[in-house]
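Here's the structure, in structure tokens; my notes come after.
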Amino acid sequence: MEIPAKYDASQVESKWYDYWMKHKFFHSEPDEREPYTIVIPPPNVTGVLHMGHMLNNTIQDVLIRRARLQGKNACWVPGTDHASIATEAKVVAKLKEQGIDKNDLSRDEFLKHAWDWTHEYGGVILEQLKKLGCSCDWDRTKFTMDDDMSESVIKVFVDLYNKGLIYRGYRMVNWDPEAKTTLSDEEVIYEEQQGLLYYLSYKVEGTNDTLTIATTRPETIFGDTAICINPNDERFTHLRGKKAIVPICNRVIPIIEDEYVDMEFGTGCLKVTPAHDENDKNLGDKHNLQVVDIFNDDASLNSFGLHYEGKDRFVVRKEIKKELEDKGHLVKTENYINKVGTSERTKAVIEPRLSDQWFLKMEDLVKPAIKAVLEDGDVKLFPKKFENTYRHWMENIRDWNISRQLLWGQQIPAYYFGDGTDDFVVAETIEEALKLAQDKTNNQQFTISDLTQDTDALDTWFSSWLWPMSVFDGIRYPENKDIQYYYPTNDLVTGPDILFFWVARMIIAGYEYRNEKPFENVYLTGLVRDKQRRKMSKSLGNSPDALKLIEEFGADGVRVGLLLSSAAGNDLLFDEALCQQGKGFANKIWNAFRLIQGWDVADIGQPQSSKIAIDWFEAKFQDTLLVIEDHYSKYRISDALMETYKLIWNDFCSWFLEIIKPEYQKPIDKATYEAAISILENNLKLLHPFMPFLTEDIWQYISERTPEEALIVAKWPNPKAYNKDLLTEFDFASEVVSGIRTIRKQKNIPFKDAIQCLVINNEDANTTFDEVIVKLVNLEGIQYTDEAVDGALTFRVKSNEYFIPMAGAIDVEAEIKKLTEELQYTEGFLKSVQKKLSNERFVAGAPEQVVASEKKKEADALAKIETLKASLASLN
RNA sequence: GGGCGCAUAGCUCAGUUGGUUCAGAGCACUUGGUUUACACCCAAGGGGUCGGGGGUUCGAAUCCCUCUGCGCCCA
């Protein structure tokens with residue numbers, strides 16, 4: 001077979017992806033095998049593949065491919081979520097470009113546009129995942145707004161409502177005045193902003209006194225309904241029981257007392273605006289204060305703002321400053337840095353606002369989820385450090401505001417039939433709602449047209465928290481074959497930024513609806529940052545184009561690059577050089593294969609060195625396999641890769657192949673060739689999860705394979721007993737090789753000149769690897785001797801002394817210097833060991849094993865010192 | 001302001017119960033190399049007061065206290 005001289009990733013990758021798809025290797029159906037299941041963290045439909053996705057999905061693909069090789073029934077369910085806020089924002093922007101105002105459209109018309117948008121862009125990211133090599137079961141692709149998925153969401157809403165866990169509440173929420181919707185606390189980002197602290201004086205009613213308050217938001221004085229002082233504050237005893245007059249609007253408001261007020265901050269007098277501040281709302285509830293809402297839903301002032309009506313809050317802030325100043329109410333301003341909540345999506349400054357919202361009671365729901373992670377270990381977090389974060393959130397959980405003032409999403413299945421706060425019913429369909437309404441009102445004359453459905457949609461997370469169940473239709477049909485077989489899933493791979501949004505809530509939902517965890521292990525990846533540790537983001541423009549990277553370095557190269565330095569839970573500092581390293585690795589393996597493949601095989605005897613090399617590599621392979629398995633078991637994927645990388649590059653290519661390589665244009669013996677092929681195949685298996693394309697390609701070049709024999713479904717190597725002595729003996733031999741190479745380099749001895757080597761075998765090292773050493777450094781042979789050799793360069797491995805006789809003059813001075821340095825070092829070492837051993841408390845206190853090892857160190861040092869001294873004596 | 005975590009080679013990180021293998025890996029760096037798989041290569045080498053200080057111990061990168069500097073989450 002003709003083998004291309006260069007590995008061309010772009011051609012190879014599409015070829016094998018098509019091949020895998022054609023033979024349905026990604027597809028899973030329940031059978032008698034053990035299942036291994038991952039559900040993808042659904043990327044949202046507005047996205048394109050970014051570095052975070054690449055990392056995340058590479059890890060999932062590594063896990064799923066390994067499971068497949070291990071003979072499990074591997075099922076990776078892909079899909080997307082509808083991302084209500086983000087998508088709606090995109091659709092609104094697109095309509096705007098076309099000159100269409102969202103508010104001019106009916107609900108159905110808008111949704112049609114949203115669906116069009118989703119159909120056009122929603123699948124892009126999944127197509128990109130294919131380029132990365134992701135072996136998802138594409139037949140199972142789901143979307144959180146699919147009919148069956150939406151039905152599940154509605155069913156769950158109704159169920160929770162009927163259980164009394166969902167309620168309607170008038171609450172202070174985070175209002176995004178741009179998107180005109182509520183945000184959850186998690187969607188608000190607090191940013192430090194330079195602002196001003198305004199000191200304003202209010203008249204005290206019926207006196208000539210004034211009092212001064214400090215505020216960052218002077219425009220909210222129109223909503224003031226009290227002034228609050230601390231009852232312990234002696235500065236203000238004269239204000240007790242009095243009233244104050246709000247500037248400009250001249251509202252008379254009570255002066256109340258509460259220890260909540262911080263006497264140190266500002267002036268010690270606090271203006272209370274219950275409609276526009278969470279803390280003020282609490283104070284207001286406690287003291288029964290009036291609530292005055294001064295804003296429209298776009299955060300412009302309403303009629304309470306008097307002559308400012310219709311103007312934006314920030315405009316008003318500027319203008320009112322001037323008015324207050326003119327009227328003598330502005331005492332002073334100070335620079336002040338405060339934290340301002342902004343919308344994650346629209347960047348608008350959040351306005352705290354009172355409104356009707358739907359809430360889910362969390363207190364009882366979280367209990368099994370806390371237990372599962374923190375007590376029973378049913379669900380394990382990797383790295384473990386996130387358990388603390390999880391605990392903190394779960395133990396301080398607040399009710400979940402699940403309504404959003406948006407159209408794109410599942411419409412809340414609540415139907416109103418009157419103006420009373422209780423005049424509504426909740427049902428899966430409007431027909432059922434009608435029945436309920438008729439019963440509730442005792443009025444059978446009610447018709448569907450008397451019902452109005454709540455216009456709000458549900459929070460997107462209220463869909464995705466069901467994801468591991470709903471993708472298998474486990475909400476609608478809890479007994480179906482798929483959910484029974486695949487649930488609970490095995491691993492979840494996601495970012496720590498959505499530990500609460502999503503992971504915790506899935507655990508909660510899992511226990512509520514199946515009384516079982518949704519997954520066993522959660523692997524939390526780090527964030528992908530650039531070299532300067534900046535988060536990758538579109539606005540910074542520091543995120544490389546994912547597909548271009550794949551084009552340049554190959555999917556395998558990019559996968560390796562991403563994984564190489566992404567220790568679990570640590571941020572990954574992305575650098576294209578890492579992908580280059582991955583590509584270089586691919587090239588290395590390709591060439592190793594070309595080397596083997598190019599050999600002529602003959603019916604000749606097997607050299608001793610080759611036989612030993614095969615035995616040694618098999619031991620090394622087994623030893624490494626155990627290390628790799630251990631890394632996988634701890635989700636240390638980058639360590640598993642590095643271990644594989646070193647096995648292949650160092651042990652296989654640099655040592656093994658160099659040992660068995662036949663002389664130029666000479667054939668190789670059959671036994672060695674076959675062993676080399678078999679070893680290469682095993683290496684490919686270990687490497688396949690990381691570099692699926694390259695490995696499958698080489699695998700198929702090695703011999704003709706039927707689809708059943710494809711690498712993707714090959715059998716992962718089983719651990720076997722192995723000879724550990726071979727490994728230590730090899731390490732010793734490799735030190736000898738290094739010693740000789742160093743001498744060759746120092747003395748500029750060309751490799752093709754065979755040299756002599758004599759050894760005083762003080763260590764009684766066995767001769768197993770002698771042939772290997774001879775071959776690797778081109779010796780005439782290794783001779784054993786009892787006496788130091790004159791006119792030779794020397795080096796030592798442990799207490800063994802090696803001599804390389806030199807024809808020319810030996811630089812005696814240099815030799816003496818080298819030996820003296822070694823001697824001094826060893827003597828110093830001996831001294832420290834003996835100091836330890838002469839310490840009675842050490843000998844008495846330390847474990848036997850430790851003392852024994854110190855004694856061995858002492859003996860080794862003594863032996864080496866003797867050798868060194870003998871050499872020095874022979875030189876002098 | 002409250003909570004959690006981190007600090008080891010130029011960079012990114014390992015280092016499990018305090019002691020064999022304890023100061024390590026990869027990259028980067030230096031030096032040498034056109035030997036017929038690969039210069040996307042081969043070989044050899046340098047490099048660390050384990051953030052500072054104190055303590056416990058026969059023994060500390062590892063345990064405790066403290067200081068400094070970072071990061072994350074929550075308010």
Side-chain angles (χ1 to χ4, degrees), chain A residues 3 5-7 185-186 188 190 262 265 278-279 339 341 383 385-393 395-396 398 496-497 499-500 526-527 529 531 533 553-554 557 561 564-575 577-599 630-631 634 636 638-639 641-643 645-646 649-650 653-654 657-658 661-666 728 731 737-746 748 750-752 776-778 835-857:
Chain A
I3 308 285
K6 280 269 170 194
Y7 176 68
D185 292 340
E186 292 77 16
V188 177
Y190 287 88
D262 181 352
F265 184 80
E278 173 99 55
N279 296 315
K339 291 224 168 163
K385 65 180 178 187
F386 286 108
E387 284 180 8
N388 278 328
T389 324
Y390 182 87
R391 169 180 289 115
H392 190 254
W393 195 73
E395 287 177 354
N396 296 288
R398 294 191 287 179
D497 48 333
L499 183 58
F500 311 132
L527 295 174
R529 296 173 181 276
K531 266 196 283 188
R533 280 196 183 275
F553 302 106
L564 269 178
S565 72
S566 62
N570 282 340
D571 287 354
L572 163 76
L573 303 194
F574 182 76
D575 183 349
L578 292 168
C579 295
Q580 184 54 51
Q581 196 183 342
K583 187 180 176 184
F585 186 39
N587 186 60
K588 181 71 185 175
I589 300 158
W590 182 250
N591 276 291
F593 164 63
R594 280 182 58 216
L595 173 69
I596 297 172
Q597 184 274 337
W599 287 330
D630 183 56
H631 286 321
K634 294 169 181 156
R636 299 167 63 136
S638 69
D639 288 337
L641 170 58
M642 183 49 69
E643 208 59 41
Y645 180 95
K646 287 192 289 184
W649 201 309
N650 299 341
C653 295
S654 296
L657 290 180
E658 291 303 326
K661 194 186 209 171
E663 276 180 68
Y664 182 51
Q665 288 190 332
K666 298 240 173 89
T728 48
D731 288 343
V737 168
S738 282
I740 297 169
R741 279 175 177 160
T742 304
I743 285 178
R744 273 189 180 277
K745 185 183 173 184
Q746 280 169 352
N748 271 324
F751 182 82
K752 57 180 190 286
L776 285 174
V777 286
N778 194 13
K835 192 178 157 198
K836 234 188 242 186
L837 285 168
S838 62
N839 181 339
E840 272 173 42
R841 285 199 287 181
F842 169 74
V843 179
E848 218 173 300
Q849 210 185 8
V850 176
V851 178
S853 98
E854 289 301 317
K855 283 191 172 151
K856 174 137 189 356
K857 281 188 200 165

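Numbers restart at 1 for each chain; the letters A, B, ... are given by sequence-line order, proteins then strands.
Nucleotides B/G45 and B/G53 have their P atoms positioned 33 Å apart, rounded to a whole Å. As rounded to the nearest Å, B/A14 and B/U68 have P atoms that lie 26 Å from one another. Annotation: B/C50 and B/C63 have their P atoms spaced 15 Å apart (nearest Å). Across B/U62 and B/U57, the matching C1' atoms stand 13 Å from one another, rounded to whole Å. Separation of the P atoms belonging to B/C64 and B/C6 is 11 Å when rounded to the nearest angstrom. B/C58 and B/U17 have their P atoms separated by 22 Å, given to the nearest Å. Using atom P as the reference point in both B/U66 and B/G2, the two lie 15 Å apart (nearest Å). Comparing B/G69 with B/U8, their C1' atoms sit 16 Å apart, to the nearest whole Å.
Scanning both residues, A/Val737 and A/Leu776, for their nearest heavy atoms gives CG2-CD1, 4.3 Å. Residues A/Tyr390 and A/Phe500 come closest through the heavy atom pair CA-CE2, 4.0 Å.
Computed from coordinates, the A/Asp639 CG to B/C13 C1' distance equals 9 Å when rounded to whole Å. Rounded to a whole Å, the NE2 atom of A/His631 is 13 Å from the C1' atom of B/G26. If you measure from atom CG of A/Asp575 to atom P of B/C13, you get 13 Å, rounded to the nearest angstrom. Atoms CZ (A/Phe593) and P (B/A37) sit 15 Å apart, rounded to a whole Å. Between the CD atom of A/Gln746 and the C1' atom of B/A43 there is a distance of 13 Å, rounded to whole Å. The distance from atom CZ of A/Phe386 to atom P of B/C73 is 10 Å, rounded to the nearest whole Å. What separates CD of A/Glu387 from C1' of B/C73 is a distance of 16 Å, to the nearest Å. Here the P atom of nucleotide B/U12 and the CZ atom of A/Arg636 are 19 Å apart, to the nearest Å.
Surrounding CD of A/Glu663 are at most 12 heavy atoms belonging to other residues, nucleotides or ligands under 6.0 Å away.
Residue side chain A/Glu658 reaches the base of B/A37 through a donor-acceptor N/O pair under 3.5 Å, judged by distance alone. With hydrogens and angles ignored, no donor-acceptor pair under 3.5 angstrom links the side chain of A/Lys583 to the base of B/C40. Applying the 3.5 Å distance criterion, the base of B/U31 shares a donor-acceptor pair with the side chain of A/Lys745.
For the pair A/Arg744 (side chain) and A/Pro750 (backbone), a donor-acceptor distance under 3.5 Å is present. A donor-acceptor contact shorter than 3.5 Å links the side chain of A/Asn778 to the backbone of A/Phe751.
In the set B/G26, B/C4, B/C38, B/C4 carries the atom at the smallest distance from any side-chain atom of A/Asn388. Of all nucleotides listed (B/A37, B/A75, B/C73), B/A37 comes nearest to the side chain of A/Lys661. Comparing B/G3, B/G5, B/A37 by their closest approach to the side chain of A/Lys385 singles out B/G5. Closest to the A/Tyr645 side chain, of the nucleotides B/C27, B/G15, B/A37, is B/C27. Listed nucleotides: B/A44, B/G26, B/G19. Nearest to the side chain of A/Phe842: B/G19. For A/Asn587, taking side-chain heavy atoms from C-beta onward, the closest of the listed nucleotides B/A37, B/C42, B/C40 is B/C40. Proximity note for A/Gln580 (side chain, C-beta onward) versus B/G26, B/A37, B/C40: the nearest is B/C40.
Side-chain nitrogen and oxygen atoms of A/Trp649 include at least one within less than 4.0 Å of the OP1 or OP2 phosphate oxygen of B/C42. An OP1 or OP2 oxygen of B/A44 is reached within less than 4.0 angstrom by a side-chain nitrogen or oxygen of A/Ser738. For B/A43, the OP1/OP2 oxygens have a side-chain nitrogen or oxygen of A/Ser654 closer than 4.0 Å. Contact check, A/Arg398 against B/A75: a side-chain N or O comes under 4.0 Å of OP1 or OP2.
The CZ atom of A/Phe585 lies 14.0 Å from the CD atom of A/Gln580; values are rounded to the nearest 0.5 Å. One distance of note links CD1 of A/Ile596 with CG of A/Leu657; it measures 5.0 Å at 0.5 Å rounding. Note that NZ of A/Lys646 and SG of A/Cys653 are 15.0 Å apart. Values are rounded to the nearest 0.5 Å.
Each of A/Asn279 and A/Cys653 was assigned the nucleotide of RNA chain B with the nearest heavy atom; the assignment lying further toward the 5' end belongs to A/Cys653. Toward the 5' end of RNA chain B, the nearer of the two residues A/Glu663 and A/Asp630, judged by each one's closest nucleotide, is A/Asp630.
Consecutive pairing runs in RNA chain B reach the stem threshold at B:1-7 with B:68-74, B:10-13 with B:24-27, B:29-33 with B:41-45, B:51-55 with B:63-67, where a stem means at least three Watson-Crick or G-U wobble pairs with distances under 3.5 Å.
Remark: the A/Gln581 side chain and the A/Tyr645 side chain contain an N/O donor-acceptor pair separated by less than 3.5 Å.
Considering A/Phe593, A/Trp590, A/Phe553 as possible partners of A/Tyr7, the one that fulfils the ring-ring contact (aromatic ring centres under 6.0 Å, His included) test is A/Trp590.
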